[in-house]
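First comes the structure, then the notes that go with it.
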Amino acid sequence: MPGRILSNELNAHVDQTVTLCGWIHRSRNLGVLTFVILRDRQGMAQLVCNQSTVYNNESVIAATGQVVANPKAPGGFELQVAQLKLLSSPTAGDLPLTIHGDPASVGLNALLANRYLSLRYPAIREIFIVQAVVLKYFAQYMRNRGFVEIKSSKIIGSGTEGGTGLFTLDYFGEPAFLAQSPQFYKQAMVASGLERVFEIGAAYRAEKHDTPRHLNEYVSLDVEIGFIEGEEELMDLEIGILNAICRGLRQECSTILERRHIVLPTEQELHAIPRLSYQEALEIIERQVHSAALEINPEGERLLSQWAAEKHGIEALFVHSFPRKKRPFYTAFEGRRTRSFDCIFRGLEITTGGMRIHHYDTLLAALSKFNMQEKDVADYLTIFKYGCPPHGGFAIGLERLTQKLLNLTNIKEATLFPRDRNRLRP
Ligand code: AMO
């Protein structure tokens, strides 16, 4: 569109003739004049039209006219419209949502059922601007440290994280599934000699329950690295990633963060994240609930984060040394404790990771402990038949991380088109 500028650029074009394109957010008819608030990807601008009626809300328009200063207009400038062109008008009659209203007054189900429209709320759309910045700084941090980005297949012949929670596909004439994680492939790529890899990709879990923390399809930020000595190095790496993301968000999303009253952890706070063994974590929960804690459930995660905030000044912690039965068969171990960890951030597990078994014979023995058979993971086992360096890695759930960075109540708010037990469309 020639001469097109964006709503936040009016101040640089006073007295010039320009075009603004966008959606009619709302309009106010004052008889001979109509004030229109136009919404575009950068914000809102006031248009003054010399006509008594304009188009319906959410119509898509191109408005050409002169920019003038007006202290009463949002941002201090407005467009005196000479030509108003309708590019597309809604045909739906009454819209199910009022985009100039407050999305907080609409229930989550209605927001998700009308997702194509609810994504137009600036307060909802900006969640995905933040998410894009999270992805950007994750990838940038990894690349800067020599990690190679991979994209592995999501149609697979055997589960990676245990038999439950697998989506089956009926196509190949033999069992096929949607990948629960890129676990086997990222390890294979370490063994291929790439040594350091990361992947941003979809992961599928046939979760039976509908909760504020589970999706059937989520984006997994996966990391795998060879020639490391232990899980401490992985936790250090995760702190580096979280710090790069928080710094990037402060740089690129400061307006959004301020408007939402979000304070992100500082570098110093991230370095103060405590590291507790599974046993120590259970004891902290027990002290708070005054009874035996048998596992770290969502309430336990909340209590642990609260404890970390009080004792260490950051609502986050690492829990390591999980017992073997709590971790997948591929997890490295020493005696009864595994060399694995979770990161719990603001009351929610956002990461699981650990060292992997890299000796063929140890893996075989692990299979029998987990009642698995060689044929269940025959392809995976070949990685270790050919020789594989000591290695480990982790995966951060993108939606959970976004949810917690922005203090969202439900993970579905951090998902463009969430899939859950009751939701397959839009
Ligand atoms: P895990 O199964 O714990 O570990 O998943 C890692 C992280 O992915 C996110 N996540 C989910 N997010 C939304 N909905 C779900 N249903 C869901 N399931 C998992 C969480 C979780 O912490 N292969 C290992 C990782 C590794 O060891 O490298 C794995 O997938 O944020």
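In this text, all values refer to a predicted model and were calculated from it rather than measured experimentally. Order of appearance sets the numbers: ligands from 1, and atoms from 1 within every ligand.
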Atoms in ligand 1 flagged as close to I411, the criterion being non-hydrogen separation under 4.0 Å: 13 (C)
Ligand 1 atoms in contact with K186 (distance to a heavy atom under 4.0 Å):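 Result: 26 (C), 28 (O).
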Proximity of F394 to ligand 1 by residue part, where a heavy atom lies under 4.0 Å: backbone
Counting non-hydrogen protein atoms only, what is the nearest one to [atom]? Give residue, atom name and distance.
{"atom": "atom 23 (N) of ligand 1", "answer": "Q183 OE1, 2.6 Å"}
{"atom": "atom 21 (C) of ligand 1", "answer": "E349 OE2, 3.1 Å"}
{"atom": "atom 14 (N) of ligand 1", "answer": "L215 N, 2.9 Å"}
{"atom": "atom 4 (O) of ligand 1", "answer": "T352 CB, 3.6 Å"}
{"atom": "atom 6 (C) of ligand 1", "answer": "A395 O, 3.7 Å"}

Under-4.0 Å salt bridge between K154 and E199: yes
E126 and R260 ion-paired at < 4.0 Å: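 A salt bridge links E126 with R260.
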Whether F184 and Y380 hold their rings parallel, tilted or perpendicular, with breakpoints at 30° and 60°: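 F184 vs Y380 ring planes: parallel.
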Side-chain touch L257/V263, heavy atoms, less than 4.5 angstrom: no
Residue selection (non-hydrogen contact nearest atom 1 (P) of ligand 1) among E161, E217, R205, Q180: R205
For atom 19 (C) of ligand 1, the option (of Y204, F184, Y330, Y218) bearing the nearest heavy atom: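 Result: the heavy atom closest to atom 19 (C) of ligand 1 is in Y218.
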Y141 six-ring face occupied by R145 cation (under 6.0 Å, within 45°):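 Verdict for Y141: a cation-pi partner in R145.
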Any N/O pair G397/ligand 1 closer than 3.5 Å: yes
Geometric N/O contact I350 with ligand 1, under 3.5 angstrom: yes
Heavy-atom pair with the smallest gap, counting every atom of E231 and F341: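 Reported closest heavy-atom pair: CB-CD2, 4.2 Å.
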